[in-house]
Amino acid sequence: MSHNNKTEKESLNFLEELIDAELHSGRVTREQLLTRFPPEPNGYLHLGHASSICLNFGIAKKFGGRTNLRFDDTNPVTEDTEYVESIKADIQWLGFQWANEFYASDYFETLYSYAVELIKKGLAYVDDSTAEQIAAMKGTPTQAGTDSPFRNRSVDENLDLFTRMRNGEFKDGEKTLRAKIDMASPNMHLRDPLMYRIKHAHHHRTGDKWCIYPMYDFAHGQSDSIENITHSICTLEFEVHKPLYNWFIEKLGIFPSRQFEFARRNISYTVMSKRKLLQLVNEKIVDGWDDPRMPTISGVRRRGYTAESIRNFADVAGISRRENVTDYNLLESCLREHLNKIAARTMAVINPLKVVLLNYEENKTETLKAENNPEAAEKTYRDISFSREIYIEKDDFMEHAPEGFFRLTPGGMVRLKHAYIIRCEKVVKNDDGSISEIHCTYIPESKSGQDKSGIKVKSVIHWVDASSAITAEVRLYDKLFTVEAPDAQEGDFKSYINPDSLKVFAEAKVEPALLKHDKDERFQFLRLGYFVEDKYSTPEHRIYNRAVTLKDEWAKEQKKHR
RNA sequence: UGUCCGAUGGUGUAAUGGUAACACUGCAGAUUUUGGUUCUGCCUUUCCAGGUUCGAAUCCUGGUCGGACAACCA
């Protein structure tokens, strides 16, 4: 035992540390502690959102607080209920439950009254300028803007015009409501930001009730405030919005929610922006938002990732305030770690090569015992059949093997997992010189578990009994992009798509025991990786997706010599 | 030539004025009826220059480099 009697102090991230301190000082209580996850329902959630979800829900859970789910639905033209449903499903699948389900649109009436209040205080005005004019008057980051000619309208006139905006008397873009702050502010967001714009558009929840919609800056902070959110956690790009977030809350005299920022999570060899993911979907580069190569939550779920492994990834990757590109290896490592513990082992041959055992009796079938998971605390076994003809992996036989190749070669021996040692006697070829099948002999006294042969082989390979094998389709996935940071490359990010990101093996052979399991169960196909049944898999046409490979020292060795 | 933010191994994060560490990756080895798992070892780190201090990754000053901000998007 250690002589150190201090208990190992758990390392907290900077936000946990802050909240921990505030809880201790009494600035907030556990009862008050309230975070929120505020997606805009205009796309599917991705791994970056997963980090945010784990952070927001995780931090509240850790300190005894709660988390609201609030859809930031202030832009009716891009939003849709399809996205609302997928977002809710994804959060629940990740294992989190919100305290309340809210929508920014729930607050449209309140927000409107807030705007009226600011107009009455002389802090907001209706502007007739066009979008172009407003942009021109905004100045640049290094150059002050100029006041709008409509900036000093009377309160009464502003009130009248804003009412008429709401009543639909104006066309889209004809007028806006702006906060009256400071056109010379070094912070662009404080140069009389837009609060409301006119959009005669149908909203997925409020229908045609409104034709003016609040901008993000006039909706988000106030929504936080209305809900009494104590910690509004968002990504770094909103940092420059914080003075504005605080300005509205202060001028309105409402509950002082506070905003905190962290750096978004990037992962190598993929892109993590809704806009780019939408492009991949729209241009049919992938098979929808849940294509197993997509970094969306629905994509990795279909690929075979577990919620636990993603939560663990978020935890292990941590958070900070600096730009980052996390190694995708870390993600895969988290998945392997979990699947190694829970996935039942089975045998499947994705690229079959027929082997005939010359000295095995014809029409005989033997039943062998196979361990389901060597990692399990309690060992369980299943029956597998063995007979004269079997399939092995094409990659497990080489006629002219390089040094270091331990598998089957002419005259060489390997063990068939859970079965016998075999020796290759003859390679049978087609007319074109390709290998059609190989003829072997088996060593009867080498049966697994009762081996009296005394023969030592260098390798154990997987196989499937030809007489009982089921034909299935197996899909192997690789990285979606060929470069670490597709975003940072020159030109179109889509030109860096990996052409080999999907390989389909339509004639794979799987052992029949596989058919007895649940559809969302993960398996290890021995020596090949971890797999899950695809959503389009049917009893007549089984489809298996590879979630992740096993670590493969031999493949690594091969790569080096290429 | 503005404002704000950031800089710790290859990558991601810890260390909160007191011996720079953990994970992933990579490399080497042991074990292994999965070239898996497990185990062992190794490589590699505080952006620079000053200052404060007995002592600085940490505090201060000045640089350098990187990022965010000029949507009627969020």
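We name chains A, B, ... by the order of the sequence lines, and we start the count at 1 in each one.
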Within the structure shown, what part of the strands sits under 4.0 Å from A:Tyr420 by heavy-atom distance: base, sugar-phosphate, or nothing? nothing

Could you tell me whether A:Asp395 and A:Arg527 have a side-chain N and a carboxylate O separated by less than 4.0 Å? no

Quick test: give all pairs of protein nitrogen or oxygen and nucleotides 18-28 of chain B nitrogen or oxygen below 3.5 Å, distance rounded to 0.1 Å.
| from | atom 1 | to | atom 2 | distance (Å) |
| --- | --- | --- | --- | --- |
| B:C27 | OP2 | A:Lys556 | NZ | 3.4 |

Sub-6.0 Å ring centroid separation between A:Trp463 and A:Phe386: yes

How many Å lie between CH2 on A:Trp554 and C1' on B:U37, as a whole number? 21 Å

Please list, for nucleotides 71-74 of chain B, all pairs of protein and nucleotide N/O atoms separated by less than 3.5 Å.
| from | atom 1 | to | atom 2 | distance (Å) |
| --- | --- | --- | --- | --- |
| B:C72 | N4 | A:Ser129 | O | 3.2 |
| B:C72 | N4 | A:Ala131 | N | 3.2 |
| B:C72 | N4 | A:Gly173 | O | 2.9 |
| B:C73 | OP2 | A:Arg197 | NE | 3.0 |
| B:C73 | OP2 | A:Arg197 | NH2 | 2.7 |
| B:C73 | OP2 | A:Lys199 | NZ | 3.2 |
| B:C73 | O3' | A:Arg197 | NH2 | 3.2 |
| B:C73 | O2' | A:Asn75 | ND2 | 3.2 |
| B:A74 | OP1 | A:Thr74 | OG1 | 2.6 |
| B:A74 | OP1 | A:Arg197 | NH1 | 3.4 |
| B:A74 | OP1 | A:Arg197 | NH2 | 2.9 |
| B:A74 | OP2 | A:Tyr216 | N | 2.9 |
| B:A74 | O4' | A:Glu40 | OE1 | 3.4 |
| B:A74 | O3' | A:Asp72 | OD2 | 3.3 |
| B:A74 | N6 | A:His241 | NE2 | 3.2 |

What residues, two or more places apart in sequence or in another chain, satisfy ring-ring contact (aromatic ring centres under 6.0 Å, His included) together with A:His46? A:His49

Within residues 457-465 of chain A: residues closer than 4.0 Å to RNA chain B (heavy atoms): A:Val460

Nearest-Å distance, CD1 (A:Ile422) to C1' (B:U33)? 14 Å

What residues form a side chain to side chain contact (heavy atoms under 4.5 Å, CB included) with A:Glu239, not counting sequence neighbours? A:Leu236, A:Glu261, A:Arg321

Check whether NZ of the Lys or CZ of the Arg A:Lys199 lies under 6.0 Å from the centre of the six-membered ring of A:Tyr213 and within 45 degrees of that ring's axis. no

Output the rounded distance in Å from CZ (A:Arg546) to P (B:U34). 19 Å

Centroid-to-centroid, A:Phe523 to A:Tyr530, below 6.0 Å? no

Tell me whether the centres of the aromatic rings in A:His203 and A:Phe108 are closer together than 6.0 Å. yes

Once rounded to the nearest 0.5 Å, what's the spacing between atom CD of A:Glu79 and atom CZ of A:Phe71? 10.5 Å

Decide if atom NZ of A:Lys171 counts as having more than 12 heavy atoms of other residues, nucleotides or ligands within a radius under 6.0 Å. no

Output every pair passing side-chain hydrogen bond (donor to acceptor under 3.5 Å, both in side chains) with a member in residues 179-189 of chain A, not counting sequence neighbours, ordered by first then second residue. A:Asn152-A:Lys180

Quote, to the nearest angstrom, the C1' distance that separates B:U64 from B:U11. 23 Å

Side chain to side chain contact (heavy atoms under 4.5 Å, CB included) partners of A:Arg264, counting only residues at least two apart: A:Thr235, A:Asn266, A:Met272

How many whole angstroms separate atom CZ of A:Phe262 from atom C1' of B:G12? 15 Å

Please state how far atom CG in A:Leu190 lies from atom P in B:C69, giving the value in whole angstrom units. 16 Å

Answer with yes or no whether A:Ser448 presents, from its side chain, a donor or acceptor under 3.5 Å of a partner atom in the base of B:U33. yes

Nearest-angstrom distance, C1' atom, B:A68 to B:G50: 30 Å

Given A:Glu511, A:Glu393, A:His418, A:Lys417, the one that forms side chain to side chain donor-acceptor pair (under 3.5 Å) with A:His462: A:Glu393

Is a salt bridge present between A:Glu227 and A:Arg70, judged by a nitrogen-to-oxygen distance below 4.0 Å? yes

Pairwise P distance, B:A49 and B:C73 [rounded to whole Å]: 49 Å

Whether over 12 other heavy atoms sit under 6.0 Å from A:Lys62 NZ: yes

Hey, is the main chain of A:Ile461 close enough, under 3.5 Å, to the side chain of A:Arg407 for a donor-acceptor pair? no

Return the residues of residues 371-382 of chain A meeting this criterion: a heavy atom under 4.0 Å from some atom of RNA chain B. Order them by number, or give none. A:Pro374, A:Glu375

Between the protein and nucleotides 1-7 of chain B, are there any N/O to N/O pairs under 3.5 Å, and if so, what are the atom names and distances?
| from | atom 1 | to | atom 2 | distance (Å) |
| --- | --- | --- | --- | --- |
| B:G2 | N3 | A:Pro141 | O | 3.0 |
| B:C5 | O4' | A:Glu239 | OE1 | 3.4 |
| B:C5 | O3' | A:Arg321 | NH2 | 3.4 |

Could you tell me which non-hydrogen atom of A:Arg178 sits nearest to which non-hydrogen atom of A:Arg191, and how far apart they are? NH2-O, 3.5 Å

Using a heavy-atom cut-off of 4.0 Å across all strands, would you classify A:Gln524 as base, sugar-phosphate, or nothing? base

Looking only at atom P, what distance separates B:C43 and B:A21, rounded to whole Å? 12 Å

Rounding to a whole Å, what distance do you find between A:Lys242:NZ and B:A68:P? 18 Å

Atom CG of A:Leu55 and atom C1' of B:U13: how far apart are they, to the nearest Å? 14 Å

Does A:Ser320 or A:Leu416 map to a spot on RNA chain B nearer the 5' end, using the closest nucleotide for each? A:Ser320

Determine whether a donor-acceptor pair (N or O, by modelled atom type, separation under 3.5 Å) exists between the side chain of A:Arg311 and the backbone of A:Gly58. no

How close or far is atom C1' of B:U58 from atom CZ of A:Phe14, stated in whole angstroms? 17 Å

Using the ring-ring contact (aromatic ring centres under 6.0 Å, His included) criterion, which residues pair with A:Tyr196? Sequence neighbours excluded. A:Phe162, A:Phe218

Would you mind classifying the nucleic acid contact of A:Arg191 as base, sugar-phosphate or nothing, using non-hydrogen atoms under 4.0 angstrom? nothing

Who passes ring-ring contact (aromatic ring centres under 6.0 Å, His included) against A:Phe525, sequence neighbours left out? A:Phe531, A:Tyr544

Between B:U34 and A:Arg527, counting only base atoms on the nucleotide and side-chain atoms on the residue, is there a donor-acceptor pair under 3.5 Å? no

So does A:Thr326 get a side-chain nitrogen or oxygen closer than 4.0 Å to the phosphate oxygens (OP1/OP2) of B:U11? no

State whether A:Asp73 and A:Arg205 are salt-bridged, where the test is any N-O pair (Lys NZ or Arg NE/NH1/NH2 against Asp/Glu carboxylate O) under 4.0 Å. no

Wobble G-U and Watson-Crick pairs count when both distances are under 3.5 Å; given that, what is the 5' to 3' dot-bracket string of RNA chain B, with | for pairing to other strands? .((((((..((((....[..)))).(((((.......)))))....(((((..]....))))))))))).....

Using the C1' atom as the reference point in each nucleotide, state the distance between B:A23 and B:U34 in Å, no decimals. 25 Å

Across the strands shown, which category fits A:Gly404 at heavy-atom distances under 4.0 angstrom: base, sugar-phosphate, nothing? base

So A:Gly449, base contact, sugar-phosphate only, or nothing? Heavy-atom distance under 4.0 Å. base

